[in-house]
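Heavy-atom basis, side chains included; hydrogens, waters and symmetry copies ignored. Chain letters run A, B, ... following the sequence lines, proteins first and then strands; every chain starts at 1.
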There are 2 protein chains.
Amino acid sequence: MDIKTLCLGVLSRGDATGYEIKKAFEEGPFGHIHVASFGAIYPALAALSEAGMVQGTEMAQEKRPDKKVFSITERGRSAFFEALIAPPGEDKVRSDFLFILFFAHLLPASRLAALIDRRIAWYRECLQRMEACSYENGRAGEVFVHGLGLAVYQAAADYLSAHRDRLHDEVSASGRMVAE
Amino acid sequence: MDIKTLCLGVLSRGDATGYEIKKAFEEGPFGHIHVASFGAIYPALAALSEAGMVQGTEMAQEKRPDKKVFSITERGRSAFFEALIAPPGEDKVRSDFLFILFFAHLLPASRLAALIDRRIAWYRECLQRMEACSYENGRAGEVFVHGLGLAVYQAAADYLSAHRDRLHDEVSASGRMVAE
DNA sequence: CACGGCATATATCCGTTCGATATATGCAAG
DNA sequence: CTTGCATATATCGAACGGATATATGCCGTG
């Protein structure tokens, strides 16, 4: 899904600035679902505006720079719906953490343990934040995705916690063998 | 992690062609860990070769086009190790599936159910393929990542299976309300 | 039998995206 | 007082993706 569609999705839920759209893909509702950078969001909004799918309104603010609030048009809603019913592309995952873990045998055991502990802590934090987000009044799909995220992150944190010692020990042992 | 590092990682485990490196990020060991396209792999290999981090050897083949097999140099191994001990970037996830799910209320209930069932089937298939890959003789890190993948995909499939009916019913019910 | 699709291979092109940067207004902490 | 952060918009140049081109075969279908 391209950035234009992602922007339409955010705007379908309510007016937003480019900055707020970026936030939605960081700590907001889409934070673990898709990514979008400023470098792509602003040109996308400009193209969507040009195509009549969104409308931007400039506003002055006190103590803050001016902002431009975008709202979705009916044409934008149609386009968004078409994108929703198109066949989804494949999930794409880029995880430095997992890639590094794959080569655990090349790392000092202490560094490895620290890496895993940091990730466990990260998962626990995410889980806490997610649990604090009451989705009781959310739409069915939002609740569903929220629950799925909780289940997956819980499983990951649990696995990491349950197996970190064993990986550490094995890397320690083989690290010693290499040194001999 | 950039594509050059990813290529070094694959080559650190053994010589490979550009095509084989791509395969490693599809159905191979890195298939759920990172992504890399031909458009990025070939220029990366060229740059790595230029920098003396890999070495390419052209080979003729029978019944197949010629190929170029790359091997990693000592300089390449050093660079790879430096990348491994650098702080990892954040995981990046792009999931059309999850994004669409978020807007389940906008979809026909039957289409939604089909989408989820397809994803459940996909997870089950992945799990089967992963279980069939015996990692008993693999390195500790490979075994760890393999086990983590199994745990996470199992949790996802289970959650989807356990909650798909409820989502379907809720979207059906609210779809009827909209029609009235 | 012929054609299309697939697999194995390399390489490139152009559109898309990213991350850093620039600019602006304030506020808070050291 | 200076730096870093938050809120905002916008752009630039590097990195990447997906399609395409080319090549050699093989296999399945009409």
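Among the atoms of the strands shown, only primed sugar atoms or phosphate atoms (P, OP1, OP2) are found under 4.0 Å from some heavy atom of B:G18. Among the heavy atoms of the strands, none lies under 4.0 Å from A:K22. If you check every strand for non-hydrogen atoms under 4.0 Å, B:A36 touches sugar and phosphate atoms only. Across all strands, B:K4 comes closer than 4.0 Å to no nucleic acid atom at all (heavy-atom distances). Backbone-only contact: A:Q61 has heavy atoms under 4.0 Å from sugar-phosphate atoms and none from a base.
Residue B:F38 contributes atom CZ, which lies 11 Å from atom C1' of C:dA7 at whole-angstrom precision. Straight-line distance from the CD atom of A:E62 to the P atom of C:dC27: 11 Å, rounded to whole Å. Note: CD1 (A:I21) to P (C:dT17) measures 14 Å, nearest angstrom. Rounded to an integer number of Å, the gap from CE of A:M1 to C1' of C:dT16 is 16 Å. Residue A:H34 contributes atom NE2, which lies 10 Å from atom P of C:dC18 at whole-angstrom precision. Between the OH atom of A:Y42 and the P atom of C:dA20 there is a distance of 16 Å, rounded to whole Å.
Taking five base pairs at each end of the helix from C:dC1-D:dG30 to C:dG30-D:dC1 and finding the rotation axis that steps the C1' atoms of four pairs onto the next four gives two axes whose angle is 20°, to the nearest 10°.
In this structure, A:K4 places its NZ atom where only 12 or fewer heavy-atom neighbours from other residues, nucleotides or ligands lie under 6.0 Å away. Around the CD atom of A:Q128, the shell of radius 6.0 Å holds no more than 12 heavy atoms that belong to other residues, nucleotides or ligands.
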Are B:R124 and B:D158 close enough, and set up right, to give a salt bridge (charged side-chain N to carboxylate O under 4.0 Å, His left out), and what steps lead you there? CA-CA 10 Å; B:R124 301 290 187 208; B:D158 290 349; 3.6 Å; yes
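If you check the side chains of B:D2 and B:T5, you find a donor sitting under 3.5 Å from an acceptor.
For the pair A:R119 and A:Y123, the cation-pi criterion (under 6.0 Å, within 45° of the ring axis) is fulfilled.
From B:K67, atom NZ reaches atom OH of B:Y19 across 12.0 Å, with rounding to the nearest 0.5 Å. To the nearest 0.5 angstrom, A:L115 atom CG is 6.0 Å from A:L101 atom CG.
Nucleotides of DNA chain D that come within less than 4.0 Å of any heavy atom of chain A span, from the 5' end to the 3' end, D:dA6 to D:dG18.
With DNA chain D read from its 5' end, the first of the two nearest nucleotides for A:K67 and B:R64 is the one closest to A:K67.
At least one side-chain nitrogen or oxygen of B:K68 sits closer than 4.0 Å to the OP1 or OP2 atom of C:dA11.
Using cut-offs of 30° and 60° for the angle between ring planes, the B:H163 and A:F144 rings count as perpendicular. Using bins of under 30°, 30° to 60° and over 60° for the plane-to-plane angle, the ring pair A:H32/A:W122 lands in the perpendicular bin.
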